[in-house]
Amino acid sequence: MTIELETAMRKRRMHREFEDRAVDPADLDIMLWSVSRAQQVRPGYRHVVVVDDPGLMKTAREVLPGFTTNNAPMMLVLCSDLSLPAVDSPGGRDTATKLDAGAACAHLGLIAQQLNMGLCTITGWSIVAVQELLGLPPHLRPDVTVAIGYPSPVKKMKSVRGPQYLPAVHHNDFGTTYQQGRS
């Protein structure tokens with residue numbers, strides 16, 4: 001099954017309730033492939049840790065506050081290898097690798113729609129806690145943690161449309177409102 005990109009973007013949401021079943025290895029492989037297709041400052045900077053051990057997931061829920069609100073059977077942790085040489089980027093390696101991890105996370109959110117999967121980007125955790133939990137060496141910095149699985153059936157949610165959900169868009173300078181439909 002193929003899903004149109006615009007449909008995937010419209011249907012994408014954060015899931016916190018998942019079915020009690022393991023992620024199919026074929027689906028996981030596709031998710032990992034999508035991570036590899038995202039921009040990357042240079043080859044070798046990105047590492048992904050797949051966590052599916054039930055005991056480790058239980059511990060993650062206990063020590064990473066952001067994980068306490070979901071029952072995902074698996075998480076992916078996108079990391080950057082800071083032992084590699086710096087890159088020529090105005091923001092430097094640290095900024096570039098964080099942006100790249102965000103792009104990889106966006107790819108995950110879109111491919112999840114095609115696989116009938118759900119995910120939740122988790123923000124409530126500390127670098128040190130994730131490093132200790134997963135035994136990461138000091139030069140690997142966790143950038144993004146993503147809970148993944150097959151979402152539980154959910155009630156129809158109210159549409160999240162309207163001006164309050166749109167970004168403020170400026171044209172050429174801050175304060176000049178962009179007008180849609182310019183020719």
Side-chain angles (χ1 to χ4, degrees), residues 12-115 117-152:
R12 193 220 51 80
R13 63 182 288 263
M14 293 295 159
H15 294 272
R16 290 175 181 81
E17 294 183 30
F18 297 88
E19 293 179 357
D20 186 21
R21 67 174 167 133
V23 171
D24 183 294
D27 289 343
L28 176 59
D29 288 346
I30 293 169
M31 302 252 332
L32 293 171
W33 172 84
S34 76
V35 168
S36 76
R37 301 306 307 149
Q39 68 193 39
Q40 191 172 173
V41 66
R42 283 199 185 130
Y45 273 87
R46 182 174 299 137
H47 291 257
V48 180
V49 180
V50 176
V51 181
D52 62 357
D53 176 85
L56 198 51
M57 289 298 294
K58 181 180 183 298
T59 302
R61 286 185 187 88
E62 293 169 356
V63 300
L64 307 176
F67 275 93
T68 61
T69 60
N70 79 70
N71 66 334
M74 176 181 283
M75 75 174 163
L76 301 179
V77 181
L78 284 59
C79 304
S80 295
D81 187 341
L82 301 181
S83 71
L84 298 176
V87 296
D88 296 328
S89 168
R93 174 190 56 210
D94 289 352
T95 299
T97 54
K98 287 178 183 176
L99 289 171
D100 290 353
C105 192
H107 278 60
L108 283 170
L110 293 174
I111 202 72
Q113 294 301 312
Q114 183 156 329
L115 299 171
M117 294 181 70
L119 58 84
C120 186
T121 306
I122 306 297
T123 57
W125 50 270
S126 75
I127 289 174
V128 172
V130 173
Q131 285 175 321
E132 288 183 15
L133 178 69
L134 303 178
L136 299 178
H139 66 277
L140 281 188
R141 180 192 64 213
D143 292 321
V144 178
T145 56
V146 184
I148 66 171
Y150 302 99
S152 293

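Numbers here are sequence positions counted from 1.
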- Mind checking whether Asn70 and Ile122 have side chains closer than 4.5 Å, heavy atoms only? yes

- Task: Would you check, one step at a time, whether the test side chain to side chain contact (heavy atoms under 4.5 Å, CB included) holds for Ile30 with Leu115?
- Result: CA-CA 9 Å; Ile30 293 169; Leu115 299 171; 3.8 Å; yes

- Note on the structure: When every non-hydrogen atom of Arg37 is compared with those of His107, the smallest separation belongs to O-NE2, 3.7 Å

- Message: Within this structure, what is the OG1-CG distance for the pair Thr145 and Leu119, rounded to the nearest 0.5 Å?
- Response: 11.0 Å

- Note on the structure: Note: Ala147 and Phe18 closest approach over all heavy atoms is O-CZ, 4.2 Å

- Message: Less than 4.5 Å apart, side chain to side chain, heavy atoms only: is that true for Met75 and Val146?
- Response: no

- Query: Is the backbone N or O of Pro73 less than 3.5 Å from a side-chain atom of Arg21, with the two atoms forming a donor-acceptor pair by type?
  - Reply: no

- Task: Decide yes or no for Leu64 and Val130: does some side-chain heavy atom of the first lie under 4.5 Å from some side-chain heavy atom of the second?
- Result: yes

- Message: Listing request: all salt bridge (charged side-chain N to carboxylate O under 4.0 Å, His left out) pairs with a residue in residues 22-36, at least two apart in sequence or in separate chains.
- Response: none

- Message: Can you list everything that forms a salt bridge (Lys or Arg N to Asp or Glu O under 4.0 Å) with Glu132? Sequence neighbours excluded, please.
- Response: none

- Between the main-chain N or O of Arg141 and the side-chain N or O of Gln131, is there a donor-acceptor pair closer than 3.5 Å? no

- Message: Using side-chain heavy atoms (C-beta onward) and a distance below 4.5 Å, is Tyr150 in contact with Ile148?
- Response: no

- Item | Close side-chain approach of Leu28 and Leu76, heavy atoms under 4.5 Å | yes

Can you list, pair by pair, the side-chain donor-acceptor contacts under 3.5 Å of residues 49-59, counting residues two or more places apart and other chains?
| residue | atom | partner | partner atom | Å |
| --- | --- | --- | --- | --- |
| Asp53 | OD2 | Gly55 | N | 3.0 |
| Asp53 | OD2 | Leu56 | N | 2.8 |
| Lys58 | NZ | Glu62 | OE2 | 2.6 |
| Thr59 | OG1 | Gly55 | O | 3.1 |

- Query: Does some side-chain heavy atom of Pro142 sit less than 4.5 Å from a side-chain heavy atom of Leu136?
  - Reply: yes

- Message: So Asp100 and Arg46, do their side chains get closer than 4.5 Å, heavy atoms only?
- Response: yes

- Task: Check whether any side-chain heavy atom of His139 lies under 4.5 Å from a side-chain heavy atom of Asp81, and answer yes or no.
- Result: yes

- Query: Say you draw a straight line from CG of Leu108 to CG of Leu78; how long is it, rounded to the nearest 0.5 Å?
  - Reply: 6.5 Å

